[in-house]
Amino acid sequence: MVAAEPVLDAKGEIVATLSASDIRGMTKENMKDLMLPVVDFLKKRSGTDSLRKQEVVSTNFPLGKAINKLLDAGIHRLWIVGEGEAGVSKNVAAVMSFTDIIRKVSKFNISRHHK
């Protein structure tokens, strides 16, 4: 199940996240907002002129540090990207969320891994 998608600018950089929560609460009166460009739609829904900076890490970033980054930034999703030319972030590889982490931890059977 895909709960969110990255929004990319012309250079392929992640500038926003579009998620199901952004669409919740749509009414007949504001349905025309769906015709706006995605960035404009998100700004209108948030009631601001700017978008929150998206947190991004590379595919070789340590998992423990990625989890800490989620916690420290107070965000729900962390985008994982491959490296482009000259270290520029390109190619969205995955997204990691607290929901993903909780699902994995809740299924972990410690008795099978404890010696």
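For the numbers below, each heavy atom of this structure counts, side chains included, while hydrogens, waters and symmetry mates do not.
Among all heavy-atom pairs drawn from Arg52 and Gln54, the shortest one is O-NE2, 2.9 Å. Of all heavy-atom pairs spanning Ala4 and Ser19, the tightest one is CB-CB, 3.9 Å.
Note on residues 14-25: no pairs pass salt bridge (charged side-chain N to carboxylate O under 4.0 Å, His left out), not counting sequence neighbours.
Between the CZ atom in Arg45 and the OG atom in Ser21 there is a gap of 9.0 Å [rounded to 0.5 Å].
Under the salt bridge (charged side-chain N to carboxylate O under 4.0 Å, His left out) criterion, Asp40 pairs with no residue at all, not counting sequence neighbours. Considering only residues two or more places apart in sequence or on other chains, Lys43 meets the side chain to side chain donor-acceptor pair (under 3.5 Å) condition with none of them. Residues that satisfy the side chain to side chain donor-acceptor pair (under 3.5 Å) test with Thr48, not counting sequence neighbours, are Ser46.
Cluster partners of Val38, by chain and number: Val7, Val15, Leu18, Ile23, Met26, Met31, Leu34, Leu36, Val39, Phe41, Leu42, Leu51. The rule joins Ile, Leu, Val, Met, Phe, Trp and Tyr whenever side-chain heavy atoms lie under 4.5 Å apart.
For the pair Val81 and Asn91, the minimum side-chain heavy-atom distance is 4.5 Å or more. Counting only heavy atoms from C-beta outward, the side chains of Met96 and Leu63 approach each other to under 4.5 Å.
Using modelled atom types, no side-chain atom of Asn30 and backbone atom of Asp33 make a donor-acceptor pair closer than 3.5 Å.
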What donor-acceptor contacts under 3.5 angstrom involve side-chain atoms of residues 67-80, with partners at least two apart or in another chain?
from	atom 1	to	atom 2	distance (Å)
His76	NE2	Thr99	OG1	3.3
Trp79	NE1	Thr17	OG1	2.9

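Shown here is Asp49, whose CG atom has no more than 12 heavy atoms of other residues, nucleotides or ligands within 6.0 Å.
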